[in-house]
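In this chain, residues are counted from 1 in sequence order.
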Amino acid sequence: MICQAAASIETKRNGHRRREAPPALMAAITAPPPPTPAAASCHRCRPHLRRGHAPLLRLASSSRFRHRYSSSSSPSPSPSPSSPSSYGGSGGGGGEIHYVSPPPPPAAPAGAPVYVTLPADAVGPGGRVARRRAMAASLAALAGAGVAGVAVELWWGVVERQAPGVYDWTGYLELAAMARRYGLRVRAILAFHQCGAGPQDPPWITLPQWVLEKMDKMPDLSYTDRYQRRNKEYISLGCDILPILKGRSPMQAYSDFMRSFRDTFKEYLGAIVTEVQVGMGPGGELRYPSCSTDKLNQPGSSSELGEFQCYDKFMQASLSARAQIVGMQDWGNGGPAGTDGSQQNPEETRFFRANDGCWNTPYGRFFLEWYSGMLLLHGERLCMVADAIFSGTGVTIAGKVSGIHWHYYTCSHPSELTAGYYNTLLRDGYLPIAQMFARYKAALCCSCFDLRDAERNNSESSPEGTLRQLIVAAKMCNLPLNGENSMTRLDDTSVNQVIRSSRLYSGGTSGTSFSFNYVRMNKNLFEFHNWNRFTKFVRQMSDARTFLARLEFRRGQQYLSSMLVVWVVSRACAYT
């Protein structure tokens with residue numbers, strides 16, 4: 001009966017025209033930081049360059065929202081996503097939902113609000129919402145459970161897939177309208193990276209095809225290790241400001257994407273879309289792809305030391321220039337020797353070992369300061385652009401740092417060094433990142449909240465120690481903090497660990513806040529026992545008191561328990 005009643009519901013809203021604003025000018029790119037003074041050389045470890053990376057709810061699909069980027073004109077007006085004339089009748093099947101008025105976004109609850117990250121393929125490669133009826137049913141259930149909102153990746157390879165400057169936001173506009181209908185906030189993750197390890201690994205979302213074609217013609221646009229292995233998860237930061245993408249630099253392409261998002265979602269910003277997380281590297285994180293993202297996401301298989309990603313010609317040119325500035329030209333001939341990233345024991349390498357390892361020599365310090373400094377400069381550029389574009393819109397900007405914990409109890413922290421975090425026994429590598437975010441009042445997102453040292457695979461790993469250091473850096477800089485789980489699971493152990501870890505951050509003195517992203521929504525979330533545990537978790541985190549899903553029917557109102565909504569979602573075959 002529930003499905004039949006819901007299928008008979010219709011939707012209607014009064015359309016309105018969205019006001020357009022001319023695009024803002026991109027902020028100037030900052031200059032690189034000054035080099036460190038030269039010191040004595042470590043001849044043994046001097047680098048050598050080697051040559052060869054549901055049927056409950058139905059939302060009709062919206063018309064295509066796209067415009068071509070132009071530096072001299074505003075995008076053409078497009079219909080509001082809520083306008084009846086903006087929707088067609090394609091795809092999805094089932095009845096349509098009508099509601100009297102959209103509920104307002106929920107007030108900030110006491111405690112830590114919980115967000116849920118939607119499936120990576122919530123909007124498919126064609127730019128349309130995938131499994132629309134199941135998505136609507138799932139959002140209804142999440143709203144009934146007291147969740148504050150959802151986080152969703154807006155993929156560069158989906159939005160700008162057709163040609164440079166041609167943006168198709170159709171599916172994401174529909175998701176935002178659905179979130180507004182159920183009173184959910186949206187955290188938009190602008191994803192400039194690849195999703196998945198290959199076509200055999202769904203979901204598989206690449207960079208835009210025109211970018212991949214350019215990378216094929218110019219392989220040095222890809223991150224490259226000393227074995228000349230190319231990584232196409234993200235464009236190498238070595239060419240951030242070079243016009244290699246059909247006359248635009250990668251930084252200009254990112255800023256054009258952000259500006260198009262701002263103009264298209266103008267009516268949602270500040271009320272529904274409350275945060276914009278800017279993708280800064282592989283997996284959306286500010287890091288180098290020292291290990292491929294698919295390995296990082298596999299529990300128990302990520303204890304490799306990793307490889308330095310500094311062998312494309314753009315990174316090599318930067319390293320050589322820095323070495324000449326400090327008067328040690330030999331230091332610019334390539335990355336460090338004696339690293340052997342395939343090893344799992346740093347003591348078997350000349351660079352990372354504790355006693356007389358080259359990481360703590362003048363050359364080692366020079367290289368690591370340059371390598372981590374390039375990553376910081378990349379993050380600074382993105383924060384500066386995002387701050388200029390979203391200023392005055394009411395949204396918070398954010399960036400994510402990876403929780404790389406596999407060698408935390410060693411002196412050199414090799415897996416962190418190769419990822420670009422100059423964090424060792426003698427140096428705090430996370431405080432400079434937090435300070436950079438603080439300059440732009442950006443929130444810091446980090447994972448590991450669900451991991452315990454007791455579950456570690458080796459005695460050198462410490463997810464709890466890594467998280468504590470990140471939290472201390474965030475508190476010192478009064479940063480809003482967004483926690484995440486590293487693995488999608490809902491057992492009592494991981495849930496209780498998230499609650500314990502969250503208590504480490506109580507906010508700073510400047511009104512900072514803490515929230516949690518549960519990564520990510522899938523079919524298992526809506527299974528009876530998992531859903532019971534999840535709703536209890538939301539209550540413990542956010543002090544939410546009501547777990548009732550409210551459905552607006554044509555005649556009067558009816559309230560359904562959250563478990564009944566979950567039953568409908570499972571009947572709708574929500575997500576696999």
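- Under the 30°/60° scheme for interplanar angles, the aromatic rings of F192 and W156 are found to stand perpendicular.
- With sequence neighbours excluded, the residues satisfying side chain to side chain donor-acceptor pair (under 3.5 Å) with R500 are Q497.
- At distances below 3.5 Å, at least one donor-acceptor pair connects side-chain atoms of T535 with backbone N or O atoms of N532.
- By the side chain to side chain contact (heavy atoms under 4.5 Å, CB included) test, P203 is found to be paired with A120, D121, C195, residues two or more places apart in sequence or in another chain being considered.
- Within the model, atoms CG of N423 and CG of L431 stand 10.5 Å from one another, a figure rounded to the nearest 0.5 Å.
- In this structure D450 satisfies the side chain to side chain donor-acceptor pair (under 3.5 Å) test with no other residue, sequence neighbours excluded.
- With sequence neighbours left out, the salt bridge (charged side-chain N to carboxylate O under 4.0 Å, His left out) criterion links R439 to E380.
- Identified under the salt bridge (charged side-chain N to carboxylate O under 4.0 Å, His left out) test for residues 134-156, with sequence neighbours left out: E153-R520.
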- request: Please report the C-alpha distance between F449 and Y505 in whole Å, then the side-chain angles of each, then the deciding distance to 0.1 Å, and finally whether the side chain to side chain contact (heavy atoms under 4.5 Å, CB included) criterion is met.
  value: CA-CA 11 Å; F449 274 72; Y505 190 86; over 6 Å; no

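- Here the OG1-CZ distance, from T274 to R187, works out to 6.5 Å after rounding to the nearest 0.5 Å.
- Remark: H193 pairs with W155 by the ring-ring contact (aromatic ring centres under 6.0 Å, His included) rule, at least two apart or across chains.
- Shortest non-hydrogen contact noted between C448 and L467 is O-CD2, 3.9 Å.
- In summary, D256 and R259 engage in a salt bridge, as defined by a charged side-chain N under 4.0 Å from a carboxylate O.
- Side-chain contact of E275 with N482: a donor-acceptor pair under 3.5 Å is present, judged by distance alone.
- Taking 4.5 Å as the limit, every side-chain heavy atom of S494 sits out of range of all side-chain heavy atoms of N485.
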With a cut-off of 3.5 Å and sequence neighbours excluded, list every side-chain donor-acceptor pair involving residues 391-398.
unit_1	atom_1	unit_2	atom_2	d
T393	OG1	F390	O	2.6

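- The side chain to side chain donor-acceptor pair (under 3.5 Å) search around R489 returns E455, not counting sequence neighbours.
- The ring-ring contact (aromatic ring centres under 6.0 Å, His included) search around Y172 returns none, not counting sequence neighbours.
- Taking the six-membered ring for Trp and the full ring otherwise, the centers of Y518 and F537 sit at least 6.0 Å from each other.
- Judged as a salt bridge (charged side-chain N to carboxylate O under 4.0 Å, His left out), and not counting sequence neighbours, the contacts of E484 are K400.
- In this view, F437 satisfies the ring-ring contact (aromatic ring centres under 6.0 Å, His included) rule with no residue, not counting sequence neighbours.
- Residues forming a side chain to side chain donor-acceptor pair (under 3.5 Å) with S402 (at least two apart in sequence, or on another chain): E285.
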